[in-house]
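Residue numbers start from 1 in every chain, and the chains themselves are labelled A, B, ... in the order their sequence lines are given, proteins ahead of strands.
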Amino acid sequence: MGEASESLNFIEHIIEEDLKNGYSKEDLRFRFPPEPNGYLHIGHASSICLNFGLGLRYNAPVNLRFDDTNPAKEEQEYVDAIKKDVEWLGFQWDTERYASDYFQQLYDWAVDLIKNGKAYVDSQSSEDMASQKGTPTQPGIDSPYRNRSVEENLALFQEMKDGKHEAGAHVLRAKINMSSSNMLMRDPIMYRVLHKAHHRTNTDWCIYPMYDWTHGESDYIEQVSHSLCTLEFAMHRELYDWFLDQVIDKSKLRPKQREFARRNLSHTVVSKRKLLQLVESGVVNGWDDPRMPTISGLRRRGYTPNSIKNFADTIGIAKRENLIDVSLLEFHAREDLNKTAPRVMGVLNPLKLVITNYPEDKEEWLDIENNPEDESAGSRQIPLSREIYIEQEDFKEEANRKFFRLKLGGEVRLKSGYIIKAESCTKDTDGNIIEVQCTYDPKSKSGSGTEESLRKVKGTLHWVSCKHAIEAEVRLYDRLFTNESPDSQKDKDFMEFINPNSLEVITAFVEPSLQESSPGDRFQFQRMGYFCVDSDSSGEKLVFNKTVGLRDTWAKIQQK
RNA sequence: UGGCCUAUGGUGUAAUUGGCAACACUACUGGUUUUGGUCCAGUCAUUCUAGGUUCGAGUCCUAGUAGGCCAACCA
């Protein structure tokens, strides 16, 4: 596949530069390193596309590595969900790894560090250690335990490992520099005691390594060439390199960490912690609620893997702050679905329409194309009878010239059917229109080739035959937050911006062919938008999620 | 008061490394259309500011300004 444009992002420039300076292409290796403490979201999708995209571009292996060093938060459920999401996006990892695979190696290296006087056991409370840490503008002070003997450190660390100490009693710290301008270099913790079962190693360990000690060494073990992470880890790079220096064998490849800005999406939050909060507070119905910006939520909403990958490619990768408008994500959904989603008829807000000159007992099946964008999609038949449903907003008693739809005395075409003319309408006692009476021109049948069928009328309506229609639940979604950047408002919690109307459930009428649909199927409801069969759907009761509406020029005209 | 990072249309990303600021989205104009969809054509920028180097600066230099990040036994 030739890229239309050959513009490179800054990460690719770095790799190209490395290649130019003697790096062998065979040495390139990447990794996607999620922590299994939540579901993946659209921001992760961007990172997945970056890392796996690099793998594809350079024909290099990409590992899926679970950063599972904190059994207090991590669960197998998340591991499974993450694997499913990456696979669904269409990527294949080289090997499945776990940081926990390296616990023994990490431990052995830690012992080496102690022997080399590069690490020590600190036996203070976390409060005491925090108070000694200093501030960004003031240096910290040394721990009273900083100069313990190697023998004592070794013995204590062994006891920690053997479970002889309570959580919090001791930690292993790297001995670096308590007055570094980088707070992370002020003797960072490498290990803490934690009497918690781990989802993979169970109770084998009661000390667990910290992120900084684990991540770079894991990259080194896997011989990852370029370790890409988000900007908030930029300050960690110095420590990443320091830890690497302690164990590196010069004959092996030295991984390098580079940082990119996380992608923020408007009108939502992209943070596992905040998404968890939405789930636990019941604002949404789970991680895969179609309103969630999680990969599983987008999948259930009806997004395709392609739409998400194209989105990620389009927004690219850089180092500056950003807030990507959700309309760009929606564009990619439409773009992909337009080419692939079969068109069907579905009336969301039904208004009954009677064709008074259409025989009472007559019904006919009309040919209709499945997708005008895809000839090979073929056609199907839909039933017409004397009584049909049209969309409420498609009829007005009177309207100006800009209204192309049905009005009294006006004509309109029923999609793939006949031209009808509105003669009269019926209202209830409140003045609401409850029925429209029309006549049709029997010679105007679509595709019949008659002079009448070739007549141009301005409007075309979608419709379904009353007696053939099937009822379906349709879930309409709106943005989850009313603010475009809910979590960056000063003095306001993001929960204050929740849109109370983000979900609307209605009963619609859809064409009978949809009876055969199954969960995950995606359709375009003609003139309305893209819809996806929900996992709650069954033969008894069809349930559709609205993925995204069609572009609506008419709505814009009305606004003026 | 310290350190690190970043500034290009309303939004996101480019710019052959000093040579006509490009692509996509959004918005707005028109055209086509049996989806007010799709498709097609067009419009929308003092590259944060001020100086400097240069025939030539988004790119290099100097000084500012603005924003983000950094003190969890989280990752």
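In this structure, A:Leu323 reaches the sugar-phosphate backbone alone: every heavy-atom distance under 4.0 Å involves primed, P, OP1 or OP2 atoms, never a base. Across all strands shown, A:Phe233 has heavy atoms under 4.0 Å from base atoms, whether or not it also approaches the sugar-phosphate. Among the heavy atoms of the strands, none lies under 4.0 Å from A:Asp212. Counting any heavy atom pair closer than 4.0 Å across all strands shown, A:Ile557 reaches a base atom. Residue contacts for A:Glu393: at a heavy-atom cut-off of 4.0 Å it reaches no nucleic acid atom on any strand shown. A:Gly447 comes within 4.0 angstrom of a base, heavy atoms only. Here A:Met528 lies out of heavy-atom contact (under 4.0 Å) with every strand.
No N or O donor and acceptor, one from the side chain of A:Gln138 and one from the base of B:U1, sit under 3.5 Å apart. Contact annotation: side chain of A:Arg320 to base of B:U13, donor-acceptor pair absent below 3.5 Å. Contact annotation: side chain of A:Arg413 to base of B:U34, donor-acceptor pair present below 3.5 Å.
For the side chain to side chain contact (heavy atoms under 4.5 Å, CB included) test, residues two or more places apart in sequence or in another chain that qualify with A:Phe233 are A:Tyr211, A:Cys229, A:Thr230, A:His236, A:Gln257. Judged as a salt bridge (charged side-chain N to carboxylate O under 4.0 Å, His left out), and not counting sequence neighbours, the contacts of A:Asp122 are A:Arg173. Contacts of A:Thr314 classified as side-chain hydrogen bond (donor to acceptor under 3.5 Å, both in side chains), with partners at least two apart in sequence or in another chain: A:His332. Residues passing the ring pair (Phe, Tyr, Trp, His ring centres under 6.0 Å) test with A:Phe157, sequence neighbours excluded: A:Tyr107, A:Tyr191. A:Lys133 pairs by the salt bridge (charged side-chain N to carboxylate O under 4.0 Å, His left out) definition with nothing, not counting sequence neighbours.
With 3.5 Å as the limit, one finds a donor-acceptor pair spanning the side chains of A:Ser100 and A:Asp68. Checking A:Thr304 against A:Asn306 by side-chain atom types alone, no donor-acceptor pair falls below 3.5 Å. At a cut-off of 3.5 Å, with distance as the only test, no side-chain donor of A:Gln132 or A:Asp128 sits close to an acceptor on the other residue. In this structure, a donor-acceptor pair under 3.5 Å is present between the side chains of A:His170 and A:Ser123. If you check the side chains of A:Glu74 and A:His199, you find no donor sitting under 3.5 Å from an acceptor. A:Glu452 and A:Tyr418 form no side-chain donor-acceptor contact under 3.5 Å, judged by distance and modelled atom types alone.
In this structure, of B:U38, B:G36, B:A14, it is B:A14 that holds the atom nearest to the side chain of A:Asn9. The nucleotide whose nearest atom lies closest to any side-chain atom of A:Pro372 is, among B:C73, B:A71, B:U35, B:U35. Of all nucleotides listed (B:A75, B:U35, B:G12), B:G12 comes nearest to the side chain of A:Arg263. Distances were taken from every side-chain heavy atom of A:Ala318 (C-beta onward) to each of B:G36, B:A71, B:A14; the shortest belongs to B:A14. Of all nucleotides listed (B:A75, B:A14, B:U6), B:U6 comes nearest to the side chain of A:Lys319. In the set B:G12, B:A75, B:U34, the nucleotide with an atom closest to the side chain of A:Ile324 is B:G12. You'll find that the side chain of A:Thr137 is closest to B:G2, out of B:G3, B:G2, B:G37. Comparing atom distances between the A:Glu373 side chain and each of B:U38, B:U11, B:U1 picks out B:U38 as nearest.
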Let me check I have this right: for RNA chain B, each base becomes ., (, ), [, ] or |, based on Watson-Crick or G-U pairs with both distances under 3.5 Å. What is the full string? .((((((..((((.....[..)))).(((((.......)))))....(((((..]....))))))))))).....
Treating primed atoms plus P, OP1 and OP2 as sugar-phosphate and everything else as base, which nucleotides of nucleotides 26-33 of chain B get B, S or - for protein heavy atoms under 4.0 Å? SSSS----
List the protein contact pattern of nucleotides 15-21 of chain B with one symbol per nucleotide (5' to 3'): B for base contact, S for sugar-phosphate-only contact, - for none; contact means a heavy-atom distance under 4.0 Å. S-B----
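The aromatic ring of A:Tyr211 does not sit over the base of B:A75; the criterion of centres under 5.5 Å apart with planes under 30° is not met.
Contact annotation: A:Thr69 reaches the phosphate of B:A75 (side-chain N/O to OP1 or OP2, under 4.0 Å). Neither OP1 nor OP2 of B:U34 sits under 4.0 Å from any side-chain N or O of A:Lys415.
Comparing B:U53 with B:G18, their C1' atoms are spaced 11 Å from each other, to the whole Å. Nucleotides B:A66 and B:U43, compared at atom C1', are 31 Å apart to the nearest Å.
Between A:Phe544 and A:Phe531, the ring center distance fails the sub-6.0 Å criterion. Taking the ring centroids of A:Tyr98 and A:Phe66, they lie under the 6.0 Å cut-off.
Within the 4.5 Å cutoff, no side-chain heavy atoms of A:Asp394 are placed close to those of A:Leu406.
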Which donor-acceptor pairs under 3.5 Å do the side chains of residues 31-40 of chain A make with protein atoms, sequence neighbours left out?
unit_1, atom_1, unit_2, atom_2, d
A:Arg31, NH1, A:His215, NE2, 2.8
A:Arg31, NH1, A:Ser227, OG, 3.0
A:Arg31, NH2, A:Leu228, O, 2.4
A:Glu35, OE1, A:Asn37, ND2, 2.9
A:Asn37, OD1, A:Lys272, NZ, 2.7
A:Tyr39, OH, A:Glu77, OE2, 2.8

Taking only nitrogen or oxygen atoms into account, show me every contact under 3.5 Å that the protein makes with nucleotides 66-68 of chain B, one pair per line with its distance.
unit_1, atom_1, unit_2, atom_2, d
B:G68, O2', A:Glu321, OE2, 3.4

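Judged as a salt bridge (charged side-chain N to carboxylate O under 4.0 Å, His left out), the pairs with a partner in residues 314-331 of chain A (not counting sequence neighbours) are, in order, A:Glu330-A:Arg479.
Base orientation for B:U17: syn, the chi torsion being within 90° of 0.
For A:Phe404 and A:Asp68, each mapped to the nucleotide of RNA chain B holding its nearest heavy atom, the one lying further toward the 5' end belongs to A:Phe404.
Scanning both residues, A:Ser465 and A:Ile388, for their nearest heavy atoms gives CA-CG2, 4.0 Å.
Counting heavy-atom neighbours within 6.0 Å of A:Lys556 NZ, excluding the residue itself, gives a total above 12.
RNA chain B lies under 4.0 Å from at least one heavy atom of each of the following residues of residues 176-192 of chain A: A:Ser181, A:Met183, A:Ile189, A:Arg192.
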